[in-house]
Each structure stands twice: as structure tokens, then as C-alpha cells.
Q: 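What follows is a single structure, and I will ask about it in a moment.
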Amino acid sequence: MLPTVDFCFKELMQNPKVRKGFISALLDLSPNEVEDTVLLPTLLSRDSADDKLGIMDVRVLLKDGTQMNMEMQVKYFEYWDERALFYLSKMFDSQIRKGESYEKLQKCIHVSILDFIHFPNDNKCYRRIHFRDDSTYELYSDKMELQILELKKLSPDVKTSEDVLTWMKFFSGKSRKEFQNMAKTNEYLDEAYNTLLNLSADEKKRLEYEAREKALKDYNTQISSAEKRGLKAGEEIGRKAGEESGLRRGIQEARQVFKLYMQGKSPEEIADLCDISIDKVKQILD
């Protein structure tokens with residue numbers, strides 16, 4: 001099993017020792033300083049039935065009250081920044097109820113483990129983000145933090161003593177030999193490797209893993225197919241317009257229509273958001 005498949009990652013984090021080792025790396029602490037980690041429900045509460053449902057991958061409570069949400073994302077996600085901010089805000093907001101004091105609010109950290117390039121303009125594979133003053137860069141508050149790990153940017157030949165990069169190398173592993181070598185690094189990675197072995201030997205877990213892996217491949221195929229259909233529809237619309245500007249506009253409209261359609265928007269909502277007729281939306285989707 002590969003840790004980049006979210007099912008496998010979640011199962012790894014069910015192991016308290018593995019969880020402790022990874023969290024200590026994220027917090028740049030000795031594992032001995034991470035006294036306790038407790039898994040929390042991953043379903044975020046909603047104030048009303050109209051609120052968007054939030055389901056996290058792995059949500060953890062530390063002994064000092066800090067909450068962490070860790071998400072593994074393999075496929076490119078265009079609005080990942082907005083998604084991460086949404087989950088971080090919901091996690092922060094869910095700590096207190098009506099009438100309770102703001103002083104109860106504890107630090108919340110959203111960790112994005114991405115198997116795609118999110119920041120294409122640099123080679124930095126790991127970053128921590130906080131609220132800071134634009135002019136002085138002084139930290140405004142450390143109560144909300146984003147951590148972003150871009151696995152694709154990590155060189156396979158990297159040699160480092162930085163724990164978080166070591167874990168990134170483990171998550172990027174593709175073969176038994178790689179995992180075996182990483183397991184020799186420290187006892188927490190050794191525990192993670194043995195957990196992978198046990199998961200792979202469990203018939204029920206393997207079936208669940210394979211089902212999730214298939215779902216990811218099917219989703220990727222559907223997205224690719226939708227993009228191709230959108231481009232074809234756009235070219236057809238552009239050709240009918242008979243102008244180069246019409247071609248570009250048609251392709252752009254079709255891309256936007258299919259993008260909104262894959263996000264679950266209705267044809268009526270798409271027509272309103274794209275400022276085109278409902279008939280044109282249906283023509284593109286057909």
C-alpha cells in the first residue's frame with residue numbers, strides 16, 4: 001500500500017506511535033515532548049442545514065489543546081487554498097459555543113500533504129504560513145497555521161536530518177526497499193513501515209485500499225474526459241461563430257461550464273455564473 005492514497009494515510013495515523021512521530025516532526029519537537037494525541041471526529045458541525053459539510057482526513061487533539069487537521073491529496077485540486085482555509089476556519093470556530101469566551105480558543109493547524117506541485121515558482125517543498133503584518137512581517141497571531149508539504153518537490157536523493165523532510169520521503173516511497181531503508185532511520189518510521197506491512201496483509205483493508213485507489217483513478221479519468229469534451233464543444237462553438245475571438249471565447253466558456261458542472265452546480269446556476277443562456281449551457285453539456 002502507498003501512503004499517498006488517503007485511505008492508507010488515515011490508517012497509518014490510527015497508530016498512536018506513528019501519529020506521535022509525524023506530529024513531532026511537524027511541530028519541530030522531540031517525540032518525548034508530544035505527550036498525548038487523541039483522534040477527534042472528522043465530521044465538522046454545521047450551524048444550519050445550508051452550511052457546507054466539512055469532512056477531514058485526520059483530526060487530532062494535543063494535550064495542550066492544539067488541534068491539527070492532516071489531509072493527504074494526490075490529485076490536483078484547483079481551489080486547494082480556499083479548501084484549506086475553510087477547514088482551518090471551521091476547526092477554529094468549532095471550539096466554542098454561543099456565550100463562551102474567546103479565550104477558550106486554542107491553536108489550530110491545517111496540514112496539506114500534496115502529491116502535486118502547488119507553488120510552481122520555487123523549489124521549496126515545505127512551508128509554514130501564519131497571519132503577519134504586510135509591512136513589518138510581525139506575527140499577528142499564531143492561533144491559526146497552515147503547513148504545506150509538496151511531495152513532488154522533494155528530491156529523491158535528498159539527505160537531511162530535518163524530521164519533516166524524512167517523513168515526506170517516507171510518504172513518497174514507491175517500493176518495499178525504499179520503505180525498508182526509511183524504517184532504519186528512526187523507531188517511528190520503523191513503526192510506520194510495520195503498520196504498512198500489517199495493512200497489506202489484512203484482506204479486508206487491502207480491498208478497501210484497492211477500492212479507494214480505483215475511485216481516484218476513475219475520478220482522474222472523468223476529469224480528463226470532461227476537459228476534452230469541453231475543449232471539443234468550445235471549438236465547435238467557436239467555429240460556428242466564424243471568428244478567432246469566438247473560438248477563444250467558446251473554449252473559455254466550455255471550460256468554465258464543465259468546471260462548474262464537475263463541482264456539482266446545476267445548469268441554472270452555471271448559466272447565471274457564466275452569464276450565458278440555459279440553452280447554451282445544455283448545448284455544451286450535451
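Just so it is clear, the values below take in all heavy atoms, side chains as well, and ignore hydrogens, waters and symmetry mates.
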Q: Hey, could you give me each pair passing ring-ring contact (aromatic ring centres under 6.0 Å, His included) that has a residue in residues 17-41? Not counting sequence neighbours.
A: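 Residue pairs with at least one partner in residues 17-41: Phe22-Trp167, Phe22-Phe171.
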Q: Please name all residues satisfying side-chain contact (heavy atoms from CB on, under 4.5 Å) with Asp190, sequence neighbours left out, ordered by chain then number.
A: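 Once residues adjacent in sequence are excluded, the partners of Asp190 under the side-chain contact (heavy atoms from CB on, under 4.5 Å) criterion are Ala183, Asn194.
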Q: In Å and rounded to the nearest 0.5 Å, what is the CD to CG distance from Gln67 to Leu105?
A: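 Those atoms lie 10.0 Å apart.
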Q: Just wondering, are more than 12 heavy atoms of other shown residues or ligands nearer than 6.0 Å to CD in Gln252?
A: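 Counting other residues, nucleotides and ligands, CD of Gln252 stays at 12 neighbours or fewer.
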Q: Tell me the ring-ring contact (aromatic ring centres under 6.0 Å, His included) pairs involving residues 127-155, sequence neighbours left out?
A: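 Found none.
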Q: Residues two or more places apart in sequence or in another chain: which of them pass side-chain contact (heavy atoms from CB on, under 4.5 Å) with Ser172?
A: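 Ser172: side-chain contact (heavy atoms from CB on, under 4.5 Å) contacts with Leu151.
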Q: Classify the side-chain pair Glu145/Gln147 by whether it contains a donor and acceptor separated by less than 3.5 Å.
A: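 Short answer, yes.
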Q: Show the nearest heavy-atom pair for residues Met70 and Leu26, with the distance to one decimal.
A: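 Smallest interatomic distance, heavy atoms only, reads SD-CD1, 3.9 Å.
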Q: Ser101: what forms a side-chain contact (heavy atoms from CB on, under 4.5 Å) with it, not counting sequence neighbours?
A: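 By the side-chain contact (heavy atoms from CB on, under 4.5 Å) rule, Ser101 matches Glu103.
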Q: Got more than 12 heavy atoms from elsewhere within 6.0 Å of CG, Asn123?
A: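 Counting neighbours around CG of Asn123, 12 or fewer heavy atoms of other residues, nucleotides or ligands fall under 6.0 Å, so no.
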Q: Does Lys17 come within less than 4.0 Å of Glu187, counting only side-chain N to carboxylate O?
A: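 Judged by the 4.0 Å cut-off on N to carboxylate O distance, Lys17 and Glu187 do form a salt bridge.
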Q: Do other residues, nucleotides or ligands put more than 12 heavy atoms under 6.0 Å from Asp202 CG?
A: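 Enclosed: over 12 neighbouring heavy atoms sit under 6.0 Å from CG of Asp202.
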Q: Just list the side-chain donor-acceptor pairs under 3.5 Å for residues 267-276, sequence neighbours left out, or say none.
A:
from	atom 1	to	atom 2	distance (Å)
Glu269	OE1	Ser266	N	2.9
Glu269	OE1	Ser266	OG	3.3

Q: If you look only at pairs with a residue in residues 30-41, which of them pass as a side chain to side chain donor-acceptor pair (under 3.5 Å), with sequence neighbours excluded?
A: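 Qualifying pairs, neighbours excluded: Arg19-Thr37, Glu35-Lys63.
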Q: For Lys282, what residues pass the salt bridge (charged side-chain N to carboxylate O under 4.0 Å, His left out) criterion, not counting sequence neighbours?
A: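 With sequence neighbours excluded, Lys282 shows a salt bridge (charged side-chain N to carboxylate O under 4.0 Å, His left out) to no residue whatsoever.
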Q: Would Lys152 count as a cation-pi partner of Phe116, with NZ or CZ less than 6.0 Å from the six-membered ring centre and within 45° of the ring normal?
A: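 No, Lys152 does not lie over the aromatic ring of Phe116.
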Q: Measure the OH-CD1 distance between Tyr76 and Ile117 for me, rounded to the nearest 0.5 Å.
A: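 The CD1 atom of Ile117 is 11.5 Å from OH of Tyr76, to the nearest 0.5 Å.
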Q: Could you pull out all residues at least two apart from Glu78 that satisfy salt bridge (charged side-chain N to carboxylate O under 4.0 Å, His left out)?
A: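 Here the qualifying residues are Lys259.
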Q: Is the count of non-hydrogen atoms from other residues, nucleotides or ligands lying under 6.0 Å from Arg128 atom CZ greater than 12?
A: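 Above 12, so yes.
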Q: Check the side chains of Asp133 and Ser135 for a donor-acceptor pair under 3.5 angstrom, ignoring hydrogens and angles.
A: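 Side chains of Ser135 and Asp133: pair found under 3.5 Å.
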Q: Sequence neighbours left out, what passes salt bridge (charged side-chain N to carboxylate O under 4.0 Å, His left out) with Lys143? Give chain and number order.
A: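 Scan of Lys143 (salt bridge (charged side-chain N to carboxylate O under 4.0 Å, His left out), adjacent residues dropped) gives none.
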Q: Going by the rule side-chain contact (heavy atoms from CB on, under 4.5 Å), which residues pair with Ile129 if we only count those two or more places apart in sequence or in a different chain?
A: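 Scan of Ile129 (side-chain contact (heavy atoms from CB on, under 4.5 Å), adjacent residues dropped) gives Arg127, Leu146, Ile148.
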Q: For Lys174, which residues count as a salt bridge (charged side-chain N to carboxylate O under 4.0 Å, His left out) partner, sequence neighbours excluded?
A: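 Partners of Lys174 under the salt bridge (charged side-chain N to carboxylate O under 4.0 Å, His left out) test: none.
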Q: May I ask you to decide if the ring planes of His110 and Tyr87 are parallel, tilted or perpendicular, using 30° and 60° as cut-offs?
A: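 If you compare the ring of His110 with that of Tyr87, the planes turn out tilted.
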